[in-house]
A.B. asks: 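The following block contains the structure, expressed as structure tokens.
In the text below, chain A, chain B and the rest are named by the order of the sequence lines, each starting its count at 1. Since we're looking at a predicted model, the values are computed, not measured.
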4 protein chains.
Amino acid sequence: MEIKGRKLKEKQERYNAILEASEKIMQADGLYGLNMDLVAKETQLAKGTLYLYFKNKEEILAALSLKSRNLLFEAFAKSIKKSKTPIEQLKAIILANYQFFKKYPLYFELVSLYEINNKLTETEELQQSSYKISQMVVEIAQKAKDNKTLNPNIDPVNFSICLWGMTVGMIQLIKVRGAIIKQYQGISEKEILSSFVAIVENGIRD
Amino acid sequence: MEIKGRKLKEKQERYNAILEASEKIMQADGLYGLNMDLVAKETQLAKGTLYLYFKNKEEILAALSLKSRNLLFEAFAKSIKKSKTPIEQLKAIILANYQFFKKYPLYFELVSLYEINNKLTETEELQQSSYKISQMVVEIAQKAKDNKTLNPNIDPVNFSICLWGMTVGMIQLIKVRGAIIKQYQGISEKEILSSFVAIVENGIRD
Amino acid sequence: MEIKGRKLKEKQERYNAILEASEKIMQADGLYGLNMDLVAKETQLAKGTLYLYFKNKEEILAALSLKSRNLLFEAFAKSIKKSKTPIEQLKAIILANYQFFKKYPLYFELVSLYEINNKLTETEELQQSSYKISQMVVEIAQKAKDNKTLNPNIDPVNFSICLWGMTVGMIQLIKVRGAIIKQYQGISEKEILSSFVAIVENGIRD
Amino acid sequence: MEIKGRKLKEKQERYNAILEASEKIMQADGLYGLNMDLVAKETQLAKGTLYLYFKNKEEILAALSLKSRNLLFEAFAKSIKKSKTPIEQLKAIILANYQFFKKYPLYFELVSLYEINNKLTETEELQQSSYKISQMVVEIAQKAKDNKTLNPNIDPVNFSICLWGMTVGMIQLIKVRGAIIKQYQGISEKEILSSFVAIVENGIRD
DNA sequence: AATGAATGAGCATTCATTCAT
DNA sequence: TATGAATGAATGCTCATTCAT
């Protein structure tokens, strides 16, 4: 038992070490800068060993994507605590998403990795993590509905899906075009975000 | 004159042949499945010949992206003709965007290629094509404002930016998650889209 | 006759234009930066046309090498006029060679192109141009011998060969290592050259 | 320990095999005939494997250049043992250099690879190997000076530089023009070399 | 003579994955 | 379990030369 436990712990540590190394590499070299040679070097493990912990490179990405989604979930959960009304909470979630992107650009990329890359397919676990986030929004929307602050024509589940799509789209746009919009049209990221939030708020309030 | 014309035409044909072959390949193997060997094989041209028509692989992508944006612009232009009021036109544009994606999934990907891939930089021409689309939306929003049908707090330019971000985000979501949402939550793509349109409409109407 | 003459002149002009363009390119991009595409562009001629004037790329190089050798010959001829005694003339030739290298580094490279690259074989004409230079040195050495200023054990022809080998070797060394020698050993190009000249002078004086 | 040792030995053997194959190829196809495909074929290794042993093609060249310089150093060291006086030693070095060229033409080319090709930059190690050779000559020249057999005006360091430049230049000349000189002027390589040695000897003796 | 489009072998380098030890 | 050496297909791009018009 003793030994088994230690072994298990060591294994867990290795697993985490690989993920941390991968993160570090991606932070430095970007999402596509990750390669197994670098991971091996960074972890001080043999390349073959990596494959004992992860079936392939994609699985590392999946694990990090999962981690990112969980972090995002936490960020959302935290953000809604400060707000009183459900509508304020929904707005808080948008802001939290944006701040998450600013603070952890890599994690944001990882969260939406599967939204961008066709080739990859989400695992059950990843789908679950998405569902959890979605469900949080659904519940708040439901409260807003009970509250009569949400437009009664809006279905909470539908809305939750839309909020995710719109917000990710907006952040991606800011990421890629933010600078150029600022330069040519003089509109700051914050302003864009505010406009977006305003549209959504107007769009859903009763 | 005769000969020169024929030559020119042949050259134009080759150019188009390369683009068409590239499209075909991407349709089969995805955006990142494109490679110069395949293009050569598909066009029956020598690899070197490709480089007489396009400086590098990226230029092929840029040409196709430009083509896609122009097609999208046309689709938008066409879509607004059928609608009477500016607000209806804005809604029509969202729908046109969705239909464009359904009809030409590859083109849709190409339109936002530069929105997704950090490494690529848009040429002047590509920026122009984006600007043209954006400007169309700005003008309609302005009419809606003049019209008193647009919420006076909304700035047409800001709105145009947001509309693009939100819509692309929504379509991407539908692309990647549409099937799974249908399966697990029983909500169809159309319903999601309708919800999105409704939110936007509510969000911007006076 | 008239027409024939004009044609001939035009042909000669084209020929020269190709050489000048090649020089310009090599000045900018180095000896190995020369390629037929660039020459075509620079001369405004079709690539195929180049091959009407030069059998292949190598022939362009050969022509330029010949030109360089002729220039060097002129430089030598000029340099010896200022000196009175044969020994002084020989020294002047070494200096002229060095100055030629400093003034026209490309020409210097071209002169010794065939001394460096195994694959190339000199044409009859190129050999002649070398012979001419060599002969000039032989004659001066002979004068020095008649003069009793040259060590009687030295054969003028042998010496001429050696002078060329030694001098080119020294200049090449200066070219490649000059900077590093200056940096680490504090010896300037001029000093190296002076030492070399001194050794040769001592080595051949009676 | 046993296994580790064997592994290490095998690795060393592969490393050497790659170098030997590269040598063989260069012997056949010249310095610039080396390419990674041929090396892979010759060694029966996969192309990727080569890159486990050498970071890139240049590193193979550097390793061979280093090897060549070390061999040359040995040849010099050996050559001076047979001579009594410093001046004789200096002459022996010239001869050793020539014999080295005759025996290992490829190695001779590799020694001066970096003297010819501008694009390449010497590693620290390569510079060291050059310095070692140079230093040997400096020391002998110093002895000759102490000895009063060297012209007091000659600085040992300067001389060492010159000796290298002159000798390499002479050997290159012999390499490229030796045959033609023999044919047209009836002077043998040995005679040229003797003349050169004589000039140097006269040039430096007190 | 002049054109210039077409050729295609050539090349250095990368990297996810495997497998014998 | 762990290793790490080996694999080899994949890829973007170049350029001297040819040849039909």
A.B. asks: Of all the heavy-atom pairs spanning Tyr114(B) and Thr121(B), show the shortest one and how long it is.
C.D. replies: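 The answer is CE2-O, 3.7 Å.
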
A.B. asks: Of Gly48(A) and Ala46(C), whose nearest nucleotide on DNA chain E comes first from the 5' end?
C.D. replies: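 Here Ala46(C) is the residue nearer the 5' end.
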
A.B. asks: Rounded to whole angstroms, how far apart are CE on Met36(D) and P on dT14(E)?
C.D. replies: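 From Met36(D) CE to dT14(E) P: 10 Å.
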
A.B. asks: Check the phosphate of dA5(E) against Thr49(B), side-chain N and O only, distance under 4.0 Å to OP1 or OP2. Yes or no?
C.D. replies: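 So the side chain of Thr49(B) is outside the cut-off, no N or O lying under 4.0 Å from OP1 or OP2 of dA5(E).
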
A.B. asks: Taking it one step at a time, do Leu52(B) and Arg14(B) satisfy side-chain contact (heavy atoms from CB on, under 4.5 Å)?
C.D. replies: CA-CA 10 Å; Leu52(B) 297 177; Arg14(B) 281 251 200 280; over 6 Å; no

A.B. asks: Could you go through Tyr53(C) and Lys11(C), starting from their C-alpha distance and side-chain angles, then the distance that decides it, and tell me whether this counts as side chain to side chain donor-acceptor pair (under 3.5 Å)?
C.D. replies: CA-CA 8 Å; Tyr53(C) 293 86; Lys11(C) 209 172 159 176; over 6 Å; no

A.B. asks: Check the pair Ser130(B), Glu122(B) against side-chain contact (heavy atoms from CB on, under 4.5 Å), reporting the backbone distance first and the verdict last.
C.D. replies: CA-CA 10 Å; Ser130(B) 266; Glu122(B) 286 186 313; 4.2 Å; yes

A.B. asks: Taking only the side-chain heavy atoms of Tyr51(C) (C-beta and beyond), determine which of dA16(F), dT13(E), dT1(F) contains the nearest atom.
C.D. replies: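 Nearest nucleotide to the side chain: dA16(F).
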
A.B. asks: Between P on dT11(F) and CD1 on Ile60(B), what's the gap in Å once rounded to a whole number?
C.D. replies: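 About 14 Å, once rounded to whole Å.
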
A.B. asks: Show your working on side-chain contact (heavy atoms from CB on, under 4.5 Å) between Ile25(B) and Lys41(B) and close with a plain yes or no.
C.D. replies: CA-CA 11 Å; Ile25(B) 291 161; Lys41(B) 206 163 284 172; over 6 Å; no

A.B. asks: Using a 4.0 Å heavy-atom cut-off across all strands, classify Leu38(B) as base, sugar-phosphate, or nothing.
C.D. replies: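 Touches nothing.
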
A.B. asks: Among dA12(E), dT3(F), dT11(F), which nucleotide sits nearest the side chain of Leu45(A)?
C.D. replies: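 Looking only at side-chain atoms, Leu45(A) lies closest to dT3(F).
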
A.B. asks: Between Leu50(D) and Tyr32(C), name the one whose nearest nucleotide on DNA chain F is closer to the 5' end.
C.D. replies: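 Counting from the 5' end, the first nearest nucleotide belongs to Leu50(D).
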
A.B. asks: Within the structure, does a side-chain N or O atom of Asn35(C) lie under 4.0 Å from either OP1 or OP2 of dC15(F)?
C.D. replies: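 So the side-chain polar atoms of Asn35(C) do come within 4.0 Å of the phosphate oxygens OP1 or OP2 of dC15(F), strictly under.
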
A.B. asks: Calculate the interatomic distance between Asn56(C) atom CG and dC15(F) atom P; express it in whole Å.
C.D. replies: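 In whole Å, dC15(F) P and Asn56(C) CG are 17 Å from each other.
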
A.B. asks: Begin from the C-alpha positions of Asp29(B) and Leu34(B) and carry the test side-chain contact (heavy atoms from CB on, under 4.5 Å) through to its verdict.
C.D. replies: CA-CA 7 Å; Asp29(B) 303 351; Leu34(B) 186 71; over 6 Å; no

A.B. asks: Is Lys47(D) close enough to dG8(F) that one of its side-chain N or O atoms is under 4.0 Å from OP1 or OP2 there?
C.D. replies: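 No.
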
A.B. asks: Who is the Watson-Crick or G-U wobble partner of dT21(F), with both distances under 3.5 Å?
C.D. replies: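 Across all strands, the one nucleotide that pairs with dT21(F) is dA2(E).
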
A.B. asks: Taking only the side-chain heavy atoms of Lys57(A) (C-beta and beyond), determine which of dT13(E), dA16(E), dC11(E) contains the nearest atom.
C.D. replies: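 Looking only at side-chain atoms, Lys57(A) lies closest to dA16(E).
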
A.B. asks: Please give, in whole Å, the distance from dC11(E) P to Glu58(D) CD?
C.D. replies: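 From Glu58(D) CD to dC11(E) P: 17 Å.
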
A.B. asks: May I have the distance from Gln12(A) (atom CD) to dT1(F) (atom P), rounded to whole angstrom?
C.D. replies: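 So the CD-P distance, Gln12(A) to dT1(F), works out to 13 Å.
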
A.B. asks: So, is Lys55(C) close to the dT17(F) phosphate, meaning a side-chain N or O under 4.0 Å from OP1 or OP2?
C.D. replies: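 For dT17(F), neither OP1 nor OP2 has a side-chain N or O of Lys55(C) closer than 4.0 Å.
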
A.B. asks: Can you tell me which nucleotide in dT13(E), dA2(F), dA5(F) comes closest to the side chain of Arg14(A)?
C.D. replies: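 Selected nucleotide: dA2(F).
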
A.B. asks: In whole angstrom, what separates Phe54(A)'s CZ from dT17(E)'s P?
C.D. replies: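 Taking CZ of Phe54(A) and P of dT17(E), I get 13 Å after rounding.
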
A.B. asks: Atom CG of Asp37(D) and atom P of dT11(F): how far apart are they, to the nearest Å?
C.D. replies: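 So the two atoms are 16 Å apart, to the nearest Å.
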
A.B. asks: Taking atom C1' of dA2(E) as reference, at what distance in whole Å does atom NZ of Lys11(C) sit?
C.D. replies: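 Roughly 12 Å, once rounded to whole Å.
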
A.B. asks: At less than 4.0 Å, is any side-chain N or O atom of Tyr53(B) found next to OP1 or OP2 of dA6(E)? Yes or no.
C.D. replies: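 Answer yes for this pair, as a side-chain N or O of Tyr53(B) is under 4.0 Å from OP1 or OP2.
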
A.B. asks: Using purine N1 to pyrimidine N3 plus N6-O4 or O6-N4 for Watson-Crick, or N1-O2 and O6-N3 for G-U wobble, both under 3.5 Å, which nucleotide pairs with dG10(E)?
C.D. replies: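 Partner of dG10(E): dC13(F).
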
A.B. asks: Can you tell which of dT3(E), dT18(F), dT7(F) lies closest to the side chain of Leu52(D)?
C.D. replies: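 The nucleotide sitting nearest to the side chain is dT7(F).
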
